Amino acid sequence: MARKRIAILISGRGSNMAALIDAASEHSYPADIALVLSNVADAGGLSVAQSKKIKTEVIDHKCFGKDRDGFEREIQKILDANRIDYVCLAGFMRLLTPSFVSHWHGRLLNIHPALLPSFKGLDTHERAIAEGVKIHGATVHFVVPEVDSGPIIVQAAVPVLTGDTPQSLSARVIQAEHRIYPLALRWLCEGKLKIVDGRCVIDGASDIDGVLISPTNLRLS
Ligand code: GRF
């Protein structure tokens, strides 16, 4: 099967981007990272991508003012020019219009730092600590027009520990993110993901393959 061509959209440090690039550097991985695109010219992830010999582009949303369609038309032009099959959002901090999202239906993934549908939106780690939840985590999902709401592909759970700060919790969650995003993209590229009645079904994988609990030595008895 031909390797799929992936674009990763970032706005910041790009650690998930780097995890995807590293996964795709394996021969057996079914995708190539063909492009990293940022809306922020000095996003840290751009130099990381360049150091890994990945093509980068910048489209600064500020140049388009309130014209979100114009901004997205430029993005679409670059995605088309690079013959992109699938797009991964990885810390891309712009909302995308329903028309862009519909165009990429079933081909656009996002990673969110919480166990959706809990804690949609920003500041997820602060809010998880404030609510006193015992389990937090991350979710890879298909993107739909409503923010942080698309069909869930994989989730990773981590414990929230006494004394956790948003930083310490975030450090635990991000490690899990780096494991589940490459897994979800692999399944997408292998054609294993289907959306049925608004939910994601993974062909040829058991239900628990879409769940990661970390660390695995949680004492449950
Ligand atoms: C991650 O926590 C991701 O879940 C969220 O934005 C953050 C991006 O981090 N969407 P990085 O740029 O991948 O390090």
Side-chain angles (χ1 to χ4, degrees), residues 6-25 31 33 35-52 54 56-61 75 86-96 100-101 104 108-129 133 135-160 164-186 188 200 210-212 214:
I6 310 301
I8 306 176
L9 272 53
I10 64 167
S11 301
R13 68 184 167 176
S15 72
N16 278 291
M17 171 210 76
L20 292 171
I21 293 172
D22 289 348
S25 70
I33 309 304
L35 175 72
V36 168
L37 189 154
S38 176
N39 65 311
V40 177
D42 61 356
L46 288 171
S47 49
V48 176
Q50 286 154 5
S51 73
K52 292 174 184 282
I54 305 291
T56 60
E57 296 275 1
V58 173
I59 303 178
D60 186 344
H61 62 279
I75 295 180
Y86 299 124
V87 177
C88 292
L89 306 180
F92 184 68
M93 300 304 286
R94 303 306 295 171
L95 294 178
L96 295 165
F100 184 91
V101 170
W104 286 95
L108 178 58
L109 303 187
N110 182 45
I111 186 155
H112 182 73
L115 290 172
L116 290 172
S118 293
F119 306 118
K120 296 179 181 183
L122 299 175
D123 302 324
T124 56
H125 307 311
E126 286 86 333
R127 288 156 57 212
I129 291 170
V133 297
I135 298 175
H136 186 46
T139 304
V140 181
H141 63 96
F142 284 106
V143 177
V144 297
E146 197 188 331
V147 176
D148 299 332
S149 296
I152 290 169
I153 303 167
V154 195
Q155 293 191 299
V158 304
V160 181
D164 257 337
T165 61
Q167 291 70 29
S168 63
L169 183 53
S170 156
R172 196 171 307 122
V173 171
I174 200 89
Q175 287 180 27
E177 293 187 36
H178 296 166
R179 292 174 63 185
I180 60 174
Y181 214 169
L183 179 63
L185 180 62
R186 168 188 284 282
L188 179 67
C200 178
V211 179
L212 180 89
S214 175

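Just follow the structure's listing: the first ligand is 1, and inside any ligand the first atom is 1. Source: prediction; values computed, not measured.
Scanning the protein for heavy atoms near atom 13 (O) of ligand 1, the closest one is N16 N, 2.8 Å. The nearest heavy-atom contact from the protein to atom 7 (C) of ligand 1 is G91 CA, 4.3 Å. Of the protein's non-hydrogen atoms, S15 N, 3.4 Å is the one closest to atom 11 (P) of ligand 1.
Considering backbone and side-chain atoms together, G14 places an N or O closer than 3.5 Å to an N or O of ligand 1. For ligand 1, the polar-atom distance check against I111 finds a nitrogen or oxygen pair separated by under 3.5 Å. Remark: ligand 1 and N110 share no N or O pair separated by less than 3.5 Å (distance only, no angle test).
Shortest non-hydrogen contact noted between A24 and I33 is CB-CG1, 3.8 Å.
Once rounded to the nearest 0.5 Å, the distance linking NZ of K120 with OG1 of T139 reads 10.5 Å.
In this structure the side chain of I174 reaches within 4.5 angstrom of the side chain of N16, judged on heavy atoms. A heavy-atom distance below 4.5 Å is found between the side chains of D22 and K52.
A donor-acceptor contact shorter than 3.5 Å is absent between the side chain of S118 and the backbone of L116.
In summary, the side chains of H112 and H141 do not present any donor paired with an acceptor at a separation below 3.5 Å, with no hydrogens or angles considered.
Shown in contact with E177 at under 4.0 Å from a heavy atom are these atoms of ligand 1, numbered in order with element: 1 (C), 2 (O), 3 (C), 4 (O).
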